[in-house]
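These values consider heavy atoms only, across backbone and side chains, with no hydrogens, waters or symmetry-generated copies. In each ligand, atom 1 is the first atom listed, and ligand 1 is the first ligand listed.
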Amino acid sequence: MKFQQVNRTRVKICGITRLEDALAAIHSGADALGFVFYKKSPRAIEPEAAAEIIRQLPAFVTTTGLFVNADQAYIDLVIKKTRIDLLQFHGDENAEFCNQFSRPYIKALRMKPGLDLQLECRNYADSQAILLDAYRPGIPGGTGEVFDWDLIPKPHPSPIILAGGLTCENVAQAVGTVQPFAIDVSGGVEQSKGIKDAVKIDKFINEVTRAN
Ligand SMILES: O=C(O)c1ccccc1NCC(=O)[C@H](O)[C@H](O)COP(=O)(O)O
């Protein structure tokens with residue numbers, strides 16, 4: 001049984017491309033930062049640039065590398081260059097693939113019609129948590145869209161990281177409704193794609209804290 005007890009919903013700020021955004025997120029109380037190693041994303045970052053940011057972070061902040069159907073050699077290279085803590089898989093990677101690295105992983109699932117979440121959680125039993133995001137055909141994530149939170153079964157079959165279209169306006173309701181282990185946000189705390197907004201980050205994390 002994985003640790004699920006939440007007395008404080010963790011917050012991950014995803015799509016970091018600048019040191020100042022990483023530091024603003026940490027200053028506001030973010031638990032984790034996400035770096036997108038997916039070249040087609042407007043938030044993509046090169047391993048060297050991510051390494052330079054990560055090198056300057058304080059202790060006790062979890063760094064996460066996001067991948068979409070990347071090959072094993074590239075993921076190993078990112079781990080080596082950045083010393084990232086966790087891997088986050090948004091593509092069609094199976095459990096065996098996800099499990100082969102020297103880092104623990106999170107599997108992201110999109111809430112497409114017919115998804116059997118109980119089954120998927122058994123398939124990805126070694127995943128530290130399951131990230132749930134909105135489904136839009138052809139787009140692997142970061143759509144900024146909200147899905148129907150009532151589709152998430154309770155009790156949660158795995159620790160849930162709720163993502164998809166969360167903003168300062170809806171995150172308190174999301175935390176109250178879903179009671180996730182953690183929240184993941186990208187677009188809702190941006191000025192423009194890949195550029196975060198320190199005021200929005202601060203407000204967002206305050207809203208999560210308020211809802212706990
Ligand atoms: O951010 C991207 O561009 C991206 C591209 C491909 C796969 C996943 C991607 N992002 C996922 C995330 O950043 C998180 O799941 C995020 O919380 C959801 O994004 P948003 O709805 O913008 O908050």
[atom] [closest protein heavy-atom partner, distance rounded to 0.1 Å]:
atom                    : value
atom 22 (O) of ligand 1 : Gly187 N, 2.9 Å
atom 3 (O) of ligand 1  : Ser41 OG, 2.6 Å
atom 6 (C) of ligand 1  : Tyr38 CD2, 3.7 Å
atom 14 (C) of ligand 1 : Asp184 OD1, 3.5 Å
atom 23 (O) of ligand 1 : Ser186 N, 3.0 Å
atom 5 (C) of ligand 1  : Gly141 O, 3.7 Å
atom 19 (O) of ligand 1 : Gly142 CA, 3.6 Å

Could you tell me the separation between the [atom1] atom of [X] and the [atom2] atom of [Y], rounded to the nearest 0.5 Å?
X      : Y      : atom1 : atom2 : value
Leu66  : Leu86  : CG    : CG    : 11.5 Å
Asp76  : Arg103 : CG    : CZ    : 10.0 Å
Asp133 : Arg110 : CG    : CZ    : 8.5 Å

Any Leu131 side-chain heavy atom under 4.5 Å of Gln88 side chain: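 The answer is yes; the side chains approach within 4.5 Å.
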So that I can tick it off, tell me whether Lys81 and Glu48 are bridged by a salt bridge, with the cut-off set at under 4.0 angstrom between side-chain N and carboxylate O.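 Yes, Glu48 and Lys81 are salt-bridged.
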As an exercise, identify every atom of ligand 1 less than 4.0 angstrom from a heavy atom of [X].
X      : result
Val185 : 17 (O), 23 (O)
Leu131 : 15 (O)
Ala163 : 15 (O), 17 (O)
Arg43  : 1 (O), 2 (C), 3 (O)

Check for a donor-acceptor pair, side chain of Thr63 on one end and backbone N or O of Asp85 on the other, with a separation under 3.5 Å.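 Yes, because the side chain of Thr63 sits within donor-acceptor range (under 3.5 Å) of the backbone of Asp85.
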With a 4.0 Å cut-off on heavy atoms, does Gly165 reach ligand 1?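 True for this residue.
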Judged by non-hydrogen atoms, does Pro140 sit under 4.0 Å from ligand 1?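 Checking ligand 1 against Pro140, which is what was asked, there is a heavy-atom contact under 4.0 Å.
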Stepwise side-chain contact (heavy atoms from CB on, under 4.5 Å) test for Val171 and Val11: CA-CA 11 Å; Val171 73; Val11 179; over 6 Å; no
In this structure, would Tyr135 and Leu115 fall into the same cluster of hydrophobic residues linked by side-chain contacts under 4.5 Å?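 Shared cluster, no.
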Would you say Tyr105 ends up clustered with Phe67 if hydrophobic residues are merged whenever their side chains have heavy atoms under 4.5 Å apart, either directly or through other cluster members?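 Yes, one cluster joins them.
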Quick one: look at Asp133 and ligand 1, take heavy-atom pairs under 4.0 Å, and tell me if it's side chain, backbone, both or neither.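 Answer for Asp133: side chain.
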Using a heavy-atom cut-off of under 4.0 Å, does the side chain or the backbone of Cys14 touch ligand 1, or both, or neither?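 Only the side chain of Cys14 comes within reach of ligand 1.
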Evaluate the ring planes of Phe37 and Tyr74, with Trp represented by its six-membered ring, and classify them as parallel (under 30°), tilted (30 to 60°) or perpendicular (over 60°).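 Plane angle over 60°, so perpendicular.
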